[in-house]
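Beneath this line is the structure, given in structure tokens, with notes to follow.
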Amino acid sequence: FFQRLKERLHLEEFLAQTKAFQEKIVSRAIVKRQEIDRERAKEARNEKGTSLEDIPLEQRLGPGGLDPLEVIETLPPGMVAAFESRDVEQLKQVLME
């Protein structure tokens with residue numbers, strides 16, 4: 001292999017093939033990144049559109065067999081608002097009251 005690379009023709013062909021392979025890898029990386037971005041965007045849309053009511057009871061049960069919908073109904077209104085907005089500071093304020 002290395003003996004053949006000493007010949008200019010073989011060296012040029014090797015370099016050309018190496019460059020083509022590098023370009024193929026770069027183009028595939030770009031396509032793969034676009035696919036990943038599209039998939040993440042799709043998952044984000046699905047997460048926003050899914051409510052707990054749509055999930056079967058068996059799948060939404062948490063630790064100890066608690067249903068999040070039943071638990072959230074028993075919480076004070078301020079705590080429910082904090083959980084729904086996912087605002088940790090608001091939740092801390094409600095807990096301090």
Side-chain angles (χ1 to χ4, degrees):
F1 174 77
F2 292 107
Q3 294 296 328
R4 291 178 60 194
L5 281 182
K6 290 180 181 177
E7 298 173 25
R8 184 168 182 83
L9 178 65
H10 292 291
L11 179 62
E12 289 174 357
E13 183 62 27
F14 175 75
L15 294 175
Q17 292 297 324
T18 303
K19 185 167 182 64
F21 184 66
Q22 288 173 342
E23 291 170 358
K24 190 185 294 186
I25 290 173
V26 169
S27 66
R28 177 61 185 141
I30 292 169
V31 170
K32 185 68 174 175
R33 172 54 63 190
Q34 292 170 347
E35 290 172 357
I36 290 171
D37 290 343
R38 271 188 254 124
E39 186 174 318
R40 285 184 181 165
K42 182 180 175 183
E43 288 175 2
R45 284 192 302 270
N46 288 343
E47 286 177 9
K48 290 178 185 174
T50 303
S51 67
L52 283 175
E53 290 89 9
D54 297 338
I55 301 172
L57 177 64
E58 298 80 28
Q59 291 181 358
R60 70 177 183 232
L61 291 180
L66 298 174
D67 180 9
L69 292 178
E70 292 176 13
V71 171
I72 201 103
E73 291 172 358
T74 62
L75 296 175
M79 196 173 285
V80 171
F83 273 114
E84 288 177 348
S85 68
R86 298 178 185 216
D87 186 357
V88 176
E89 292 303 318
Q90 183 182 357
L91 183 60
K92 287 178 183 178
Q93 289 176 355
V94 171
L95 291 173
M96 293 303 238
E97 294 175 356

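All values reported here derive from a predicted model rather than from experimental measurement. Numbering of residues begins at 1 and proceeds along the displayed sequence.
Residues meeting the salt bridge (Lys or Arg N to Asp or Glu O under 4.0 Å) test with Glu35, sequence neighbours left out: Arg28. The salt bridge (Lys or Arg N to Asp or Glu O under 4.0 Å) check on Glu13 picks up nothing, with sequence neighbours excluded.
In terms of heavy atoms, Met79 sits closest to Leu95 at CE-CD2, 3.3 Å.
For the side-chain contact (heavy atoms from CB on, under 4.5 Å) criterion with Ile36, the lone passing option out of Gln34, Arg40, Arg38 is Arg40.
Ionic pairing of Glu7 and Arg4 is not present here: no N-O contact between side-chain nitrogen and carboxylate oxygen is shorter than 4.0 angstrom.
Residue pairs meeting the side-chain hydrogen bond (donor to acceptor under 3.5 Å, both in side chains) criterion with at least one member in residues 68-86, sequence neighbours excluded, are Ser85-Gln90.
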